[in-house]
Student: 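One structure, as structure tokens, below. Some questions next.
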Amino acid sequence: MDSSERRTIKTYVMRAGRMTNAQEKAYHDLSHIYCVPCQETPLNFVDVFGNTNPIIVEIGFGMGAATIELAKQNPNVNYLGIEVHKPGVGRVLSEIRANDLKNLYVVEHDALDVLEKMIGDNSVDGFHVFFPDPWPKKKHHKRRLMRRPNTNLLARKLRAGGYLYMCTDWEEYAQEALEELKATEDLANKYENFAPHQEWRPETKFERKGIEAGRGIRELFFVKTDGE
């Protein structure tokens with residue numbers, strides 16, 4: 001599957017979601033400041049953030065509560081959040097301004113397209129993928145983000161020693177993702193199987209929903225090798 005074919009298979013669906021007045025105002029007033037425009041060439045992260053701090057890319061941040069909390073806790077780490085859901089983008093923009101965050105920017109676009117065009121190879125220190133859409137129906141499994149060749153693309157963008165951290169409350173997806181990541185060239189599991197809970201990660205809304213529904217949380221933590 002080449003990149004043009006992969007882009008025809010979306011890993012997300014544009015769900016209708018009403019923006020609150022505050023989210024809409026934030027989106028209107030702040031998107032030109034904190035949203036990085038889509039482009040056809042790799043970003044220069046120094047131009048975006050004004051420094052050479054580590055770069056963490058979060059794919060699909062939803063309403064962004066965990067994203068904001070991590071950015072607040074780690075001012076010396078740069079976060080680039082990718083999301084297509086406008087209410088979530090609006091809320092994050094509002095929180096960036098309210099907390100005067102200098103280390104968080106947003107790209108409002110298809111994540112795979114962003115990775116292919118805007119993120120240079122060997123340039124990212126970590127990927128966060130927290131509770132991605134599990135696409136539970138078998139006919140929709142091809143839309144899952146954490147499958148090859150998508151995982152190969154993620155690995156290519158990581159620096160040696162960089163990490164890919166995924167969480168899901170969907171057991172079958174977790175098992176599939178574990179196998180796909182284990183089969184991805186240049187990635188190595190930091191743990192023998194699933195990762196223990198990473199205490200530094202803030203709880204998300206989807207995580208709470210999964211726990212309330214009686215579903216277990218599975219975490220995966222893979223590191224890029226040096227290729228030797």
Student: State the CD1-CG distance between Ile119 and Asn122, to the nearest 0.5 angstrom.
Tutor: 12.5 Å
Student: Going by heavy atoms in the side chains, are Leu220 and Tyr191 under 4.5 Å from each other?
Tutor: no
Student: Do Arg144 and Tyr173 meet the cation-pi criteria used here (NZ or CZ under 6.0 Å from the six-membered ring centre, within 45° of the axis)?
Tutor: yes
Student: Testing the basics here: between Leu80 and Val106, what is the closest heavy-atom pair and its distance to 0.1 Å?
Tutor: CD1-N, 4.4 Å
Student: Identify the two heavy atoms, one from Tyr34 and one from Leu93, that lie closest to each other, and give their separation to 0.1 Å.
Tutor: CB-CD2, 3.6 Å
Student: Given 3.5 Å as the limit, does a donor-acceptor pair link the side chain of Asp110 with the main chain of Leu112, or not?
Tutor: yes
Student: Measure the spacing between CG of Leu181 and OG1 of Thr151 and express it to the nearest 0.5 Å.
Tutor: 5.5 Å
Student: Kindly indicate whether the side chain of Val124, heavy atoms from C-beta on, has any atom under 4.5 Å from the side chain of Arg159.
Tutor: no
Student: Could you tell me whether Arg215 and Glu171 make a salt bridge, using a distance below 4.0 angstrom between a side-chain N and a carboxylate O?
Tutor: no
Student: More than 12 heavy atoms of other residues, nucleotides or ligands under 6.0 Å from CD of Glu185: is that the case?
Tutor: no
Student: From Thr168 OG1 over to Trp170 CH2, what is the distance, rounded to the nearest 0.5 angstrom?
Tutor: 8.5 Å
Student: For Tyr105 and Ile33, which heavy atoms make the closest approach, and how far apart are they?
Tutor: CE2-O, 3.6 Å
Student: I'd like to know if the side chain of Glu83 and the backbone of Gly62 have a donor-acceptor N/O pair within less than 3.5 Å.
Tutor: yes
Student: More than 12 heavy atoms of other residues, nucleotides or ligands under 6.0 Å from CZ of Phe49: yes or no?
Tutor: yes
Student: Determine yes or no for a side-chain-to-main-chain donor-acceptor pair under 3.5 angstrom, with Gln23 supplying the side chain and Thr20 the backbone.
Tutor: yes
Student: Do Ser31 side-chain atoms and Tyr27 backbone N/O form a donor-acceptor pair below 3.5 Å?
Tutor: yes
Student: Do the non-hydrogen side-chain atoms of Cys35 and Val107 ever get within less than 4.5 Å of each other?
Tutor: no
Student: Among Glu69, Glu58, Glu219, find the one that has a salt bridge (charged side-chain N to carboxylate O under 4.0 Å, His left out) with Arg201.
Tutor: Glu219
Student: Looking only at the side chains, is there a donor atom on one of Asn51 and Asn78 sitting less than 3.5 Å from an acceptor on the other?
Tutor: yes
Student: Within this structure, what is the CD1-OG1 distance for the pair Ile96 and Thr67, rounded to the nearest 0.5 Å?
Tutor: 9.5 Å
Student: Could you grab the distance from atom CD of Glu176 to atom CG of Leu178, nearest 0.5 Å is fine?
Tutor: 10.5 Å
Student: Evaluate the side-chain proximity of Ile59 to Leu115: yes if any heavy-atom separation is below 4.5 Å, no if none is.
Tutor: yes
Student: Under a 3.5 Å distance rule, please check whether Asn189 uses its side chain to pair with a backbone N or O of Asn193 as donor and acceptor.
Tutor: yes
Student: Hey, is Lys86 close enough to Glu108 for a salt bridge, meaning N to O under 4.0 Å?
Tutor: yes
Student: Going through the distances and angles, do Leu104 and Ile68 end up as a side-chain contact (heavy atoms from CB on, under 4.5 Å)?
Tutor: CA-CA 8 Å; Leu104 175 58; Ile68 292 294; 3.6 Å; yes
Student: Can you give me the closest heavy-atom contact between Pro75 and Asn103, atom names plus distance?
Tutor: CA-ND2, 3.6 Å
Student: Between Leu70 and Phe61, is there a side-chain heavy-atom distance shorter than 4.5 Å?
Tutor: no
Student: Is it the case that the side chain of Asn150 and the backbone of Met146 share a donor-acceptor pair, with hydrogens and angles ignored and the cut-off at 3.5 Å?
Tutor: no
Student: Do the side chains of Val48 and Val36 get nearer than 4.5 Å, heavy atoms only?
Tutor: yes
Student: Is the closest basic N to carboxylate O distance between Arg148 and Glu180 below 4.0 Å?
Tutor: yes
Student: Indicate yes or no for a side-chain donor-acceptor contact from Lys224 to the backbone of Gly162 under 3.5 Å, with no hydrogens or angles considered.
Tutor: no
Student: Do the ring centers of His197 and Phe221 come within less than 6.0 Å of each other?
Tutor: no
Student: Does Asp226 reach the main-chain N or O of Ala160 with its side chain, forming a donor-acceptor pair under 3.5 Å?
Tutor: no
Student: Using every non-hydrogen atom in the two residues, find where Phe194 and Ala174 come nearest and quote the distance to one decimal.
Tutor: CE2-O, 3.6 Å
Student: Tell me the closest heavy-atom pair linking Val92 and Gly64, and the distance in Å.
Tutor: CG2-CA, 3.6 Å
Student: Which value, rounded to the nearest 0.5 Å, describes the distance between Ser123 atom OG and Arg156 atom CZ?
Tutor: 10.5 Å
Student: Does Arg208 reach the side chain of Ile211, with side-chain heavy atoms less than 4.5 Å apart?
Tutor: no
Student: Indicate yes or no: does Arg218 engage Asp169 in a salt bridge with an N to O separation below 4.0 Å.
Tutor: no
Student: May I ask you to decide whether Glu179 forms a salt bridge with Lys182, counting only side-chain N to carboxylate O separations under 4.0 Å?
Tutor: yes
Student: Can you name the one residue among Asp125, Asp186, Asp121 that meets salt bridge (charged side-chain N to carboxylate O under 4.0 Å, His left out) with Lys157?
Tutor: Asp121
Student: Is a donor on one side and an acceptor on the other found under 3.5 Å between the side chain of Arg91 and the backbone of Met63?
Tutor: yes
Student: His109 side chain to Val84 main-chain N or O, any donor-acceptor pair under 3.5 Å?
Tutor: no
Student: Quick one, His141 with Glu172, criterion side-chain contact (heavy atoms from CB on, under 4.5 Å). Give me CA distance, side-chain angles, the key distance, then yes/no.
Tutor: CA-CA 11 Å; His141 284 186; Glu172 185 269 335; 3.6 Å; yes
Student: Please say which of Phe127, Trp200, Phe222 ends up in a ring pair (Phe, Tyr, Trp, His ring centres under 6.0 Å) with Tyr165.
Tutor: Trp200
